[in-house]
Amino acid sequence: MKRILVTGAAGQIGTELTSSLVARFGPGGILATDVRDPASWASECPAEQLDCLDLDALRDTVTRFGATAIHHLAAILSVTAEADPVRAYRINMNGLVNVLQVAAECGCRVFVPSSIAAFGPGTPRDPAPQSTLQRPTTMYGVTKVAGELLCDYYHSRFGVDARGLRFPGLISYAAPPGGGTTDYAVEIFHAALRDGRYTCFLRADTRMDMMYMPDAIRAVIEVMEAPPDRLTHRNAFNITAMQFTPAELATEIRAHVPGFRIGYDPDPLRQSIADSWPSRLDDSEAREQWGWRHEYELPDMVADMFRGLNAQRAPRAAVSAGR
Ligand code: AKB
């Protein structure tokens, strides 16, 4: 029987992944953990406070729960990482090595998200191949490349079945993003409903790779269920869904919020991070090796975001999500 421990369960991916795992395997098979006190976040399964930097606490929790897999989502994202790079290094790297070490000792499988941030300005931009130059210029990116290598090392040296995905920017309405460069693509929806206008921290023509959260969650479940003999890569698979600029997203939003206005006030840090990443990932290896397919394109994603946000805002007057 599967018993999955999720770290970072109160975060942007963790919130929705935990709910999908509960729906699939039942609440008794999932333990949601986060560095934040569970009293401050909602969980559909047993939840505990856990700091992955505390190796003994991590080992005790994994052993007591009898985890067969750890989905390790606790991490600091790109913009927050640049505010305190040493803290980001400590959390992203020491947290991961602790998880891998406990997984090796306890015989657990591991899922770790990587990111488009594992690439840098020297990588081919459109598309970035599965195997190519990885010289990121952010601390977040450095920890993502090192994390991919660490997962491969624990697989070859200790037999840990550690798998990963390189996510593009993720968009969702269930939980707010926390300190990423792609966060504008979530903030813009909230601002459109609240104010009818948004000032974007990136230039109008900044084309970025993006994915709607339901596709990302399904990808995690599918890559973890893929038969190992079909995988030549484990860490980490490029996956992609859609590419758009802030101006193109604003046009799509106007179909739901007539009169929506967007302005641009590029922030030098976030613009330089965005410019250092590829604008599209080549996900053909994921498609061939484990049958990855995205479902949501830009118009479907925008319609579903408004449907979800309006449902959350009820009973206030809802903006029509239909077209
Ligand atoms: C970020 O913007 O930092 C993240 C990512 C692309 O990994 N959303």
Side-chain angles (χ1 to χ4, degrees), residues 11-13 15-17 73 77-79 113-119 123-128 130 136 138 140-141 144 164-192 198 200-220 236-256 260 262 264 266-267 270-271 273-284 286-287 292-309:
Q12 191 200 15
I13 304 177
T15 303
E16 294 196 48
L17 180 61
L73 304 173
L77 295 186
S78 57
V79 177
S114 186
S115 163
I116 195 166
F119 297 116
T123 302
R125 274 185 67 74
D126 187 11
Q130 173 67 42
T138 61
Y140 176 60
K144 287 297 169 191
L165 299 169
R166 290 186 190 128
F167 285 126
L170 297 179
I171 300 166
S172 70
Y173 60 81
T181 307
T182 56
D183 291 7
Y184 92 84
V186 178
E187 289 175 9
I188 194 170
F189 287 93
H190 292 272
Y198 177 66
C200 184
F201 56 72
L202 297 178
R203 281 192 320 267
D205 63 350
T206 310
R207 184 168 300 281
M208 299 189 83
D209 208 6
M210 300 279 184
M211 179 175 290
Y212 195 36
M213 191 62 87
D215 274 339
I217 299 301
R218 187 170 47 78
V220 175
F237 283 97
N238 283 1
I239 55 168
T240 185
M242 60 187 103
Q243 299 76 39
F244 55 77
T245 65
E248 289 163 355
L249 178 55
T251 301
E252 196 62 41
I253 285 176
R254 252 174 237 121
H256 300 267
F260 171 69
I262 185 164
Y264 300 93
D267 166 56
R270 289 180 280 192
Q271 187 66 56
I273 296 175
D275 290 343
S276 77
W277 293 346
S279 56
R280 183 163 58 104
L281 296 174
D282 176 349
D283 62 2
S284 47
R287 289 174 187 268
W292 158 246
R293 299 276 178 281
H294 71 277
E295 282 176 13
Y296 287 86
E297 298 287 354
L298 177 59
D300 321 311
M301 178 275 284
V302 171
D304 203 63
M305 280 292 286
F306 281 121
R307 185 199 55 72
L309 290 171

Candidate pair Gln130 and Ser284, rule side-chain contact (heavy atoms from CB on, under 4.5 Å), full reasoning: CA-CA 8 Å; Gln130 173 67 42; Ser284 47; over 6 Å; no

Please determine whether side-chain contact (heavy atoms from CB on, under 4.5 Å) holds for the pair Tyr140 and Ile273, giving the CA-CA distance in whole Å, both sets of side-chain angles, and the decisive distance to 0.1 Å. CA-CA 10 Å; Tyr140 176 60; Ile273 296 175; over 6 Å; no

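- Although no hydrogens or angles enter the test, the distance criterion places no donor-acceptor pair under 3.5 Å between the side chain of Thr181 and the main chain of Ala274.
- For the side chain to side chain contact (heavy atoms under 4.5 Å, CB included) test, no residue two or more places apart in sequence or in another chain qualifies with Pro176.
- Using a 4.5 Å heavy-atom cutoff, the side chains of Tyr173 and Met213 are not in contact.
- Contact check for Leu249 versus Ile253: side-chain heavy atoms found under the 4.5 Å cut-off.
- Annotation for Leu77 and Gly179: closest pair CB-O, 3.5 Å, computed over non-hydrogen atoms.
- Note on Arg280 versus Asp209: no salt bridge recorded, every NZ/NE/NH1/NH2 to OD/OE distance being 4.0 Å or above.
- In this structure, a donor-acceptor pair under 3.5 Å is present between the side chains of Gln271 and Thr206.
- The salt bridge (Lys or Arg N to Asp or Glu O under 4.0 Å) check on Glu297 picks up nothing, with sequence neighbours excluded.
- In terms of the salt bridge (Lys or Arg N to Asp or Glu O under 4.0 Å) criterion, residue partners of Asp283 (sequence neighbours excluded) are, by chain and number, Arg287.
- Taking the side chain to side chain contact (heavy atoms under 4.5 Å, CB included) definition, one finds that Ala174 meets it with Glu16, sequence neighbours left out.
- Considering only heavy atoms from C-beta on, Pro214 comes within 4.5 Å of Tyr296 through its side chain.
- Counting only heavy atoms from C-beta outward, the side chains of Thr240 and His294 never approach each other to under 4.5 Å.
- With a 4.5 Å cut-off on side-chain heavy atoms, Ser279 and Gln243 do not count as touching.
- With hydrogens and angles left out, the side-chain atoms of Tyr184 and Arg270 include no donor and acceptor closer than 3.5 Å.
- Listed by chain and residue number, Phe306 satisfy the ring-ring contact (aromatic ring centres under 6.0 Å, His included) test with Phe189 (two or more places apart in sequence, or in another chain).
- Nearest heavy-atom pair, Pro136 versus Ala117, reported as atom, atom and distance to 0.1 Å: CB-O, 3.4 Å.
- When all heavy atoms of Ala286 and Ile239 are compared, the pair lying nearest together is CB-CG2, 3.9 Å.
- The heavy-atom pair separating Ala303 from His256 by the smallest distance is CA-CE1, 3.7 Å.
- Between Ile262 and Ile188, the closest heavy-atom pair is CD1-CD1, 3.9 Å.
- The ring-ring contact (aromatic ring centres under 6.0 Å, His included) search around Tyr198 returns none, not counting sequence neighbours.
- At distances below 3.5 Å, not a single donor-acceptor pair connects side-chain atoms of Ser115 with backbone N or O atoms of Ala118.
- Residues Met211 and Ile171 are not in side-chain contact: their nearest non-hydrogen atoms beyond the backbone lie 4.5 Å or more apart.
- Counting only residues at least two apart or in different chains, salt bridge (Lys or Arg N to Asp or Glu O under 4.0 Å) contacts with residues 165-189 comprise Glu148-Arg166.
- Residues satisfying the side chain to side chain donor-acceptor pair (under 3.5 Å) test with Tyr212, not counting sequence neighbours, are Asp304.
- The two residues Pro278 and Ile116 have their closest heavy-atom pair at O-CD1, 3.4 Å.
- In terms of the ring-ring contact (aromatic ring centres under 6.0 Å, His included) criterion, Phe260 has no residue partners (sequence neighbours excluded).
- The salt bridge (Lys or Arg N to Asp or Glu O under 4.0 Å) check on Arg125 picks up nothing, with sequence neighbours excluded.
- Applying the side chain to side chain contact (heavy atoms under 4.5 Å, CB included) test to Thr182 and every residue at least two apart in sequence or in another chain returns Met208, Met210, Trp277.
- Judged by distance alone, the side chain of Asn238 and the main-chain N or O of Asp282 form a donor-acceptor pair under 3.5 Å.
- Counting heavy atoms from C-beta on, the side chains of Arg207 and Glu248 come closer than 4.5 Å.
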Please determine whether side-chain contact (heavy atoms from CB on, under 4.5 Å) holds for the pair Thr138 and Val79, giving the CA-CA distance in whole Å, both sets of side-chain angles, and the decisive distance to 0.1 Å. CA-CA 9 Å; Thr138 61; Val79 177; over 6 Å; no

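- By the side chain to side chain contact (heavy atoms under 4.5 Å, CB included) test, Arg218 pairs with Asp215, Glu222, Trp292, Glu295, sequence neighbours left out.
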